[in-house]
Amino acid sequence: MTIQAVPEPATRTEHLLFLDRAAVRTCAAGIDPVAAVEDVLRAHAAGHTALPAEGYLPWANSQGAYCRSIAMLGSVGAADPTVPTAYGMKLINAATSNPAQGRERAGGVSFLFDPETARPAVVAEAAYLSALRTGAYTMSSLRHLGPERFQEVTLIGCGAQARTHAELLARYFPDVRTLHVHDLLPERASAFASWVEGSELPFTVVPHGRAAEAAAASTVVITLTITDTGYLSPDHLRPGTFVAHVSLDDLLPEVFDRAQALYVDDVELVRDNPRRVLGRLLGEGRVLAPGTPKPGTSTIRGTLGDVLTAAVPAERPGTGVVVSNPFGMAVLDVGLLARVYARAAADGHGTRLDLLGADR
Ligand code: NAD
């Protein structure tokens with residue numbers, strides 16, 4: 001009888017690397033976030049990602065303000081040599097009462113898991129990464145679906161995402177000189193303008209008192225509000241405009257009805273969320289999924305990943321309006337964090353945490 005050797009117990013340590021926002025920001029400065037996002041979008045279009053349904057927990061706090069926690073798991077790259085394999089999760093929470101108390105509305109942590117042991121191996125501040133991947137998606141959509149030339153951009157909503165979008169616009173679209181901005185709270189638009197002025201960003205900021213006025217001021221409109229009530233109609237948008245509908249509930253249904261072309265990040269994700277206007281229109285059959293065209297009914301052309309893999313043609317705005325409606329995919333956070341982590345590991349950033357402590 002042969003006796004199987006019992007493996008030595010692995011050293012009883014349970015380490016993970018903690019990356020705070022400053023470390024994430026430093027590492028992210030050393031990568032190309034748009035290239036990282038585009039690699040993941042191509043992998044997603046090729047079916048080389050996994051995106052389980054997200055967990056969603058809403059509640060009201062003691063002030064009656066809306067709070068929510070969203071847990072978004074994702075993996076990217078298994079069987080795809082073009083992107084690093086990564087498994088992970090973004091946990092992003094928000095309370096609408098936070099900004100009034102001087103806190104960012106949304107915050108959380110993102111994880112990477114060890115592919116072998118499945119243990120969480122990296123935990124990183126999530127809000128900056130989330131804004132970076134969202135902004136990088138907008139930059140990619142603008143690059144492929146936006147007007148050929150533009151020097152002015154409209155940002156509606158002047159919170160955290162607006163700042164990251166401004167930083168990325170300066171980096172990826174150096175011709176842009178003017179930002180037209182609007183916020184429901186004029187003091188937030190003023191704070192944004194002061195922030196730009198105190199930074200090295202090359203923009204003149206023009207605040208507008210009304211959203212419609214701001215939207216009509218340029219041919220690139222990026223919605224970054226937290227509204228759940230549409231307010232932009234086709235009449236507010238100039239012919240030849242590209243809209244990045246990042247906050248997902250700003251456009252009235254007529255904009256989708258009359259769009260020259262409509263792109264999403266993932267058809268199922270959008271369709272499965274009737275809380276948002278495009279999901280609702282898909283459910284009602286007022287907007288159709290790709291491949292089911294019907295004359296006179298707006299049909300989604302495809303995903304940005306389809307455009308990047310040339311499975312679907314890119315259509316820039318001509319005399320109409322092109323809309324990009326990204327629901328937001330955890331695989332982008334996970335893929336971007338994998339790149340950030342690679343830099344952190346190479347350059348020695350982050351703090352090692354020991355989960356077992358004295359219990360080792
Ligand atoms: P934030 O709270 O920091 O800023 C939102 C700003 O919008 C605030 O200044 C607020 O006063 C303003 N605002 C609210 N309603 C408005 C209205 N009707 N008109 C004009 N301004 C209005 O939020 P943030 O972190 O910058 O996020 C912005 C949005 O982006 C959120 O809706 C968030 O869910 C969304 N988001 C989308 C994706 C995606 O992939 N689609 C990813 C991340 C975040």
Side-chain angles (χ1 to χ4, degrees), residues 37 40-41 44 51 54 56 58 65-70 72 74 90-108 110 126-141 154-168 180-193 195 207-215 221-232 236 243-252 263-266 269-270 273 275-279 303-304 323-333 336:
V37 158
V40 177
L41 290 173
H44 186 65
L51 200 56
E54 66 185 34
Y56 186 85
Y66 170 78
C67 300
R68 54 91 169 145
S69 174
I70 305 180
M72 305 162 80
K90 172 166 78 166
L91 179 76
I92 191 92
N93 296 359
T96 53
S97 52
N98 283 342
Q101 290 158 4
R103 212 174 274 127
E104 288 173 6
R105 182 185 54 87
S110 285
Y128 176 71
L129 259 183
S130 176
L132 187 66
R133 72 95 157 118
T134 306
Y137 185 98
T138 303
M139 298 307 121
S140 175
S141 62
T154 296
L155 303 177
I156 305 184
C158 295
Q161 294 280 350
R163 293 184 185 206
T164 313
H165 273 74
E167 287 171 345
L168 292 174
H180 296 274
V181 302
H182 166 77
D183 197 289
L184 203 55
L185 302 175
E187 64 271 23
R188 299 212 86 193
S190 307
F192 176 82
W195 172 77
H208 294 263
R210 294 176 50 240
E213 201 180 281
V221 175
I222 307 176
T223 68
L224 301 164
T225 73
I226 50 166
T227 190
D228 58 5
T229 311
Y231 58 87
L232 282 179
H236 297 137
V243 182
H245 191 213
V246 179
S247 38
L248 299 168
D249 267 329
D250 307 66
L251 297 180
L252 289 164
Y263 296 88
V264 297
D265 51 353
D266 184 281
L269 267 183
V270 174
N273 280 275
R275 289 193 306 270
R276 303 302 201 165
V277 58
L278 184 53
T303 67
L304 181 55
V323 177
S324 162
N325 192 95
F327 188 81
M329 301 194 294
V331 287
L332 296 182
D333 295 271
L336 198 52

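Worth knowing before you read on, the calculation uses all heavy atoms, side chains too, and leaves out hydrogens, waters and symmetry mates. Order of appearance sets the numbers: ligands from 1, and atoms from 1 within every ligand.
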Could an N or O of ligand 1 be found under 3.5 Å from any N or O of Asp183, whether backbone or side chain? yes
I need the atoms of ligand 1 closer than 4.0 Å to a non-hydrogen atom of Arg133, numbered in the order shown. 40 (O), 42 (C)
Val246 N/O to ligand 1 N/O under 3.5 Å: yes
Polar-atom distance check: Arg68 versus ligand 1, any N or O pair below 3.5 Å? no
Sequence neighbours left out, what passes side-chain hydrogen bond (donor to acceptor under 3.5 Å, both in side chains) with Ser110? Give chain and number order. none
Measuring from non-hydrogen atoms of Arg163 to any atom of ligand 1, is the shortest distance under 4.0 Å? no
Could you check if a side-chain atom of Leu41 sits within less than 4.5 angstrom of a side-chain atom of Leu332, using non-hydrogen atoms only? yes
Within the structure, does Thr225 bring an N/O atom to less than 3.5 angstrom of an N/O atom in ligand 1? yes
I'd like to check which ligand 1 atoms, numbered from 1 as shown, lie under 4.0 Å from a non-hydrogen atom of Leu224. 5 (C), 6 (C), 7 (O), 28 (C)
Evaluate Arg188 for polar contact with ligand 1, using N/O atom pairs at a separation under 3.5 Å. yes
Run the salt-bridge test on Lys90 and Asp333 with the 4.0 Å N-O cut-off and return the result as yes or no. yes
Rounded to the nearest 0.5 Å, how far does CZ of Arg210 lie from CG of Leu184? 13.0 Å
Arg276 to ligand 1: N or O pair under 3.5 Å? no
Which heavy atom of the protein is the closest neighbour of atom 2 (O) of ligand 1, given with residue, atom name and distance? Arg105 NE, 2.8 Å
among protein heavy atoms, the one nearest atom 21 (N) of ligand 1 is Leu184 N, 3.1 Å
Atoms in ligand 1 with a heavy atom of Ser247 nearer than 4.0 Å: 29 (C), 32 (O)
Can you pull out the closest protein heavy atom to atom 42 (C) of ligand 1? Residue, atom name and distance to 0.1 Å, please. Thr134 OG1, 3.1 Å
Evaluate Ile156 for polar contact with ligand 1, using N/O atom pairs at a separation under 3.5 Å. no
Could a heavy atom of Pro326 be found less than 4.0 Å from some atom of ligand 1? yes
Check this for me - ligand 1, Pro99, N or O atoms closer than 3.5 angstrom, yes or no? no
